[in-house]
Q: 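The structure that follows is given in the form of structure tokens.
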Amino acid sequence: MKTRRNICAEISDSLSECIRSIYPHIEEFNSPPVSQISDSTFGDYMSNIAFLLSKILKQKPIDIANKIAKEFKGNADAEPANPGFINFKIKRERLCENLEETRVSSWSSSNIGAGTKVNIEFVSANPTGDLHIGHGRGAVIGDTLARLFANAGFSVTREYYVNDIGKQIDALGESLLSAIHKKNGIESPYSATYKVEELVDEYLNLNKEPSSERNREDICRAADFAKERLLSKIMKLLKRLDISFDSVVRESSFIGAIPDLINELKKKDLIYEADEPEIEKEKKRRADSKSAIHRDSMEGGTFLRTGKFGDETDRIILRRSGAATYFTTDIIYHRDKLFRGYERLVNVWGADHAGHVIRLKAAMKALSLPAEKLEVVLCQMVRLIRGGTEVKMSKRAGTVVLLEELIDEVGGDPVRFFFLSRSASAQFDFDLDLAVKKSSDNPVFYCQYAHARTCQLLANGRENGIEPSNKNLHLLKDETELEIMRKLIAIPDSVQTAAIKLEPHRLVEISTSLSESLHRYQTAGKENSDLRVVTSDKKELSSARLYLVESVGYALRKLFGLMGINAPEKM
RNA sequence: GCGCUCGUAGCUCAGCGGAUAGAGCGUUGGCCUCCGAAGCCAAAGGCCGCAGGUUCGAAUCUUGCCGAGCGCACCA
């Protein structure tokens with residue numbers, strides 16, 4: 001069985017042929033726009049091509065629409081409509097063919113990626129503590145994007161960038177040493193920034209007691225130990241959401257490349273030494289009290305002229321001490337991704353990193369790197385709602401709610417589904433009460449139950465000696481059945497769009513809509529025995545209906561697979 | 001002050017150039033002798049923040065206001 005192209009593309013191709021035969025001199029519009037219609041009384045799909053052609057042909061849109069609709073040949077019936085739309089209704093043979101196609105694994109996959117290498121960097125949380133719910137959202141969105149890309153024929157790498165050096169990591173080492181001293185009742189020369197008490201015993205089992213005197217060696221040893229433990233803890237937690245990485249890149253691996261970068265920038269006259277950036281506006285802003293908090297720690301150093309490439313100011317890349325900033329290694333890191341051959345760099349970042357997009361792109365431009373290959377998906381904040389009010393504090397961590405606690409409370413599937421249910425750019429309220437409900441109020445259960453119902457119906461058929469069959473699909477003619485068929489044929493387009501536009505939340509919409517039709521179908525059969533899926537005295541009809549139901553099952557499993565949630569056969 | 005994101009139903013959000021603006025929650029009222037009611041149906045509820053501009057056509061593009069969140073250290 002061959003797989004077909006997406007239905008929009010199919011109609012568009014037929015339309016294009018039609019236009020070429022009527023207007024041979026028109027060369028534009030090789031792929032005329034075709035989109036789904038929201039109001040199905042007009043048809044299933046529509047094109048506004050007549051409006052576009054009217055400008056060139058200097059004719060009324062409706063006249064052009066009439067002519068095209070009359071000549072149109074394809075898998076749909078064309079109908080002109082005022083003031084110039086062309087509406088299409090998919091032919092039922094095509095709808096039936098699609099039912100057969102749903103069971104091929106490549107259904108709703110595509111090859112628009114054509115093997116293009118894409119790198120998706122997500123989570124990348126510092127290994128200084130536990131993940132919170134905000135990380136969870138980024139994790140789910142990033143992983144689902146990766147699944148969508150793979151499904152669209154891209155060659156995908158899931159990458160985690162570990163900031164394993166710098167002040168925060170030093171503070172992590174100090175925190176561990178401080179905790180050890182505290183446990184031993186010794187006054188510690190170290191300050192505790194992070195909560196790492198849980199690591200104390202294991203550290204002491206593997207390492208000698210740290211000195212009570214402050215020293216660099218102890219800090220490094222403690223930091224090395226702590227960051228690796230915390231990183232593997234993070235990975236283990238993400239596994240619970242079925243998330244793993246193909247590549248873990250450490251910031252420390254780029255330290256060696258810093259001198260070369262500085263030399264290169266010097267040759268190109270892109271850096272200068274100063275106490276503060278040369279940009280006037282920036283100086284004024286610094287005088288502003290709001291941004292003066294950290295002025296004491298600004299010692300000046302070597303600045304990169306990002307201000308010339310779209311950034312609002314120049315950014316420091318080497319401190320007076322000679323130490324690089326995280327920005328320096330970030331530049332090397334992104335250049336490295338390009339060196340590794342990725343055509344698209346997708347970063348999933350929290351909204352609090354929004355300000356870094358411009359400066360990173362500016363730095364890439366400064367180095368003549370293709371900044372347009374970097375695409376950043378910004379995830380807005382997550383609030384947890386219980387009993388109608390916001391949950392602000394974690395039971396264990398205090399200030400933020402931990403991802404682990406959320407998974408413990410509601411389970412992995414609802415976490416993934418809910419995090420996917422809104423576009424990344426919208427703030428999101430996670431309703432804990434709703435996520436845990438076992439009823440149709442809860443969209444996850446609604447969809448999973450729809451899948452379970454398809455399995456139960458098939459089992460029911462088997463008990464009555466009826467197997468699904470595509471022999472008599474022409475018997476499917478009730479509106480509830482046609483609605484399901486129309487929704488099924490639209491899915492490959494929607495899945496493709498979700499990948500192209502980096503919008504995984506569309507998967508939730510598609511799944512919910514298909515589930516709704518299935519539930520409605522089954523209920524219709526309860527209210528009207530003519531519509532029962534399994535009726536032992538009408539075997540041919542039942543077989544066709546079971547085939548339809550089975551197709552819905554295949555489609556839901558495909559969608560659930562992309563979302564990373566389970567498809568239970570029973571609930 | 002500047003930048004980013006966003007103002008759509010009571011709440012949380014889809015829709016982002018097309019025809020009567022959608023979903024979930026919440027509210028109100030119906031539907032089980034019969035494939036799981038863990039379901040379905042119906043009702044109420046909108047100057048799509050405000051004001052101009054572009055277009056055959058604007059919630060959608062554009063400009064200016066107003067409002068919210070996030071950010072604006074050489075922390076990552």
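Order of the sequence lines fixes the chain letters, A, B, ..., with proteins taken first and strands second; residue numbering starts at 1 for each chain. The analysis underlying the following values was restricted to heavy atoms, covering all of them including side chains, and did not include hydrogens, waters or symmetry mates.
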Q: Given that Ala274(A) and Thr523(A) both sit by RNA chain B, which one's nearest nucleotide is further toward the 5' end?
A: Thr523(A)
Q: Heavy atoms from C-beta onward define the side chain here; which of C25(B), C75(B), C40(B) lies closest to that of Tyr446(A)?
A: C40(B)
Q: Classify every nucleotide of nucleotides 12-23 of chain B by which part a protein heavy atom approaches to under 4.0 Å, writing B for the base, S for the sugar-phosphate alone and - for neither, in 5'-to-3' order.
A: BSSSS-BBB---
Q: Might you point out which heavy atoms bring Gly84(A) and Ala65(A) nearest each other, and give the distance in Å?
A: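 So the minimum-distance heavy-atom pair works out to O-CB, 3.6 Å.
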Q: Sub-3.5 Å donor-acceptor pair from the side chain of Asn464(A) to the main-chain atoms of Asn460(A), do we have one?
A: yes
Q: By the definition side chain to side chain contact (heavy atoms under 4.5 Å, CB included), identify the one residue from Asp314(A), Leu261(A), Leu304(A) that meets it with Ile271(A).
A: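 So, applying the side chain to side chain contact (heavy atoms under 4.5 Å, CB included) to Ile271(A) and each of Asp314(A), Leu261(A), Leu304(A), only Leu304(A) qualifies.
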Q: Kindly say whether the aromatic ring centers of His356(A) and Phe327(A) come within a distance under 6.0 Å.
A: no
Q: How long is the line joining CG of Leu53(A) and P of C56(B), in whole Å?
A: 16 Å
Q: Paired with G1(B) by Watson-Crick or G-U wobble geometry, both distances under 3.5 Å: which nucleotide is it?
A: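 The answer is C72(B), by the H-bond criterion.
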Q: Determine the contact category for Arg532(A): base if any of its heavy atoms lies under 4.0 Å from a base atom, sugar-phosphate if only primed atoms, P, OP1 or OP2 are that close, otherwise nothing.
A: base
Q: Under a 3.5 Å cutoff, is there a donor and acceptor pairing between the side chains of Asp478(A) and Tyr521(A)?
A: no
Q: Just name whichever nucleotide pairs with U54(B), Watson-Crick or G-U, keeping both distances under 3.5 Å, else none.
A: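 WC or wobble partner does not exist here.
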Q: Just call it for Gly355(A): base, sugar-phosphate, or nothing, with non-hydrogen atoms closer than 4.0 Å on any strand.
A: nothing
Q: Provide the Watson-Crick or G-U wobble partner of C11(B), both distances under 3.5 Å; none if there is no partner.
A: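 C11(B) is paired, partner G24(B).
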Q: Can you tell me the Watson-Crick or wobble partner of C6(B), both distances under 3.5 angstrom?
A: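 Answer to the pairing question: G67(B), which forms a Watson-Crick or G-U pair with C6(B).
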Q: Between C50(B) and G10(B), how far apart are the two C1' atoms, rounded to whole Å?
A: 22 Å
Q: Measure the distance from CD on Glu481(A) to P on C35(B) and round it to the nearest whole Å.
A: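 Computing the Glu481(A):CD to C35(B):P distance gives 18 Å.
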Q: Consider only side-chain N and O atoms of Gln36(A) and Asp44(A), and report whether a donor and an acceptor are under 3.5 Å apart.
A: no
Q: Would you classify C61(B) as syn or anti? Syn applies when the glycosidic angle is within 90° of 0.
A: anti
Q: What integer number of Å spans the P atoms of A9(B) and A14(B)?
A: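 Between the two P atoms, the distance is 12 Å.
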Q: Closest to the Lys167(A) side chain: C35(B), C74(B), C40(B)?
A: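 In terms of side-chain proximity for Lys167(A), the closest of C35(B), C74(B), C40(B) is C74(B).
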Q: Please determine, for C35(B), whether a Watson-Crick or G-U wobble partner exists with both distances under 3.5 Å, and give it or none.
A: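 Base-paired to nothing in any strand shown.
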Q: Is the Tyr161(A)-Tyr333(A) ring centre distance short of 6.0 angstrom?
A: yes
Q: When we call it a touch if two heavy atoms are under 4.0 Å apart, what does Arg453(A) touch: a base, just sugar-phosphate, or nothing?
A: sugar-phosphate
Q: Quickly work out the Phe430(A) CZ to G24(B) C1' distance and round it to whole Å.
A: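 After rounding, the reported distance stands at 14 Å.
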Q: With sugar-phosphate meaning primed atoms plus P, OP1 and OP2, does Leu531(A) contact a base, only sugar-phosphate, or nothing at under 4.0 Å between heavy atoms?
A: base
Q: Is it true that atom CD of Glu483(A) has more than 12 heavy atoms of other residues, nucleotides or ligands lying nearer than 6.0 Å?
A: yes
Q: So, is Arg319(A) near the phosphate of C75(B), with a side-chain N or O under 4.0 Å from OP1 or OP2?
A: yes
Q: Please measure how far the P atom in C16(B) lies from the corresponding atom in C72(B), and state the result in whole Å.
A: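 Approximately 33 Å lies between the P atom of C16(B) and that of C72(B).
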Q: For A44(B), give the paired nucleotide (Watson-Crick: N1-N3 plus N6-O4 or O6-N4; G-U: N1-O2 and O6-N3; both under 3.5 Å), or none.
A: none
Q: Please state the P separation for the pair A59(B) and G52(B) - nearest whole angstrom.
A: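 The same atom, P, in both gives a distance of 14 Å.
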Q: Can you tell me the Watson-Crick or wobble partner of C16(B), both distances under 3.5 angstrom?
A: none
Q: Please classify the nucleic acid contact of Lys437(A) as base, sugar-phosphate, or nothing, using heavy-atom distances under 4.0 Å.
A: sugar-phosphate
Q: Please give the distance between the C1' atoms of G49(B) and C66(B) as a whole number of Å.
A: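 Taking atom C1' in both G49(B) and C66(B), they lie 7 Å apart.
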Q: Under the 3.5 Å rule, do the base of C75(B) and the side chain of Gln168(A) count as making a donor-acceptor pair?
A: yes
Q: Looking at U5(B), C40(B), A76(B), which one has an atom nearest to any side-chain atom of Gln380(A)?
A: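 Closest nucleotide to the Gln380(A) side chain: U5(B).
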Q: What orientation do His353(A) and Trp349(A) show, parallel under 30°, tilted 30 to 60°, or perpendicular over 60°?
A: tilted
Q: Considering only the P atoms, how many Å lie between G53(B) and G57(B), rounded to the nearest integer?
A: 13 Å
Q: Measure up the Phe430(A) and Phe419(A) rings against each other and bin them: parallel (under 30°), tilted (30 to 60°), perpendicular (over 60°).
A: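 Because their plane-to-plane angle is over 60°, the rings of Phe430(A) and Phe419(A) count as perpendicular.
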Q: Which whole-number value in Å describes the distance from Asp314(A) CG to C72(B) P?
A: 19 Å
Q: Identify whether any heavy atom of Gly300(A) sits under 4.0 Å from a base atom; if not, whether one sits that close to sugar-phosphate; answer base, sugar-phosphate or nothing.
A: base
Q: If you check every side-chain atom of Lys526(A), which of C35(B), C2(B), C25(B) has the closest atom?
A: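 That would be C35(B).
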Q: What's the gap between G46(B) and G30(B) when it is taken at their C1' atoms, as a whole Å value?
A: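 Roughly 26 Å separates the two C1' atoms.
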Q: Would you mind telling me which of C25(B), A76(B), C56(B) lies closest to the side-chain atoms of Glu251(A)?
A: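 When the side chain of Glu251(A) is considered, A76(B) is the closest of C25(B), A76(B), C56(B).
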Q: Could you tell me the separation between the NE2 atom of His132(A) and the C1' atom of A76(B), rounded to a whole number of Å?
A: 12 Å
Q: Can you tell me the distance, in whole Å, between the CD1 atom of Ile56(A) and the P atom of C56(B)?
A: 15 Å
Q: Of Ser529(A) and Pro443(A), whose closest RNA chain B nucleotide lies nearer the 5' terminus?
A: Pro443(A)
Q: With P as the reference atom in both, quote the distance from C65(B) to C2(B) in angstrom, rounded to an integer.
A: 9 Å
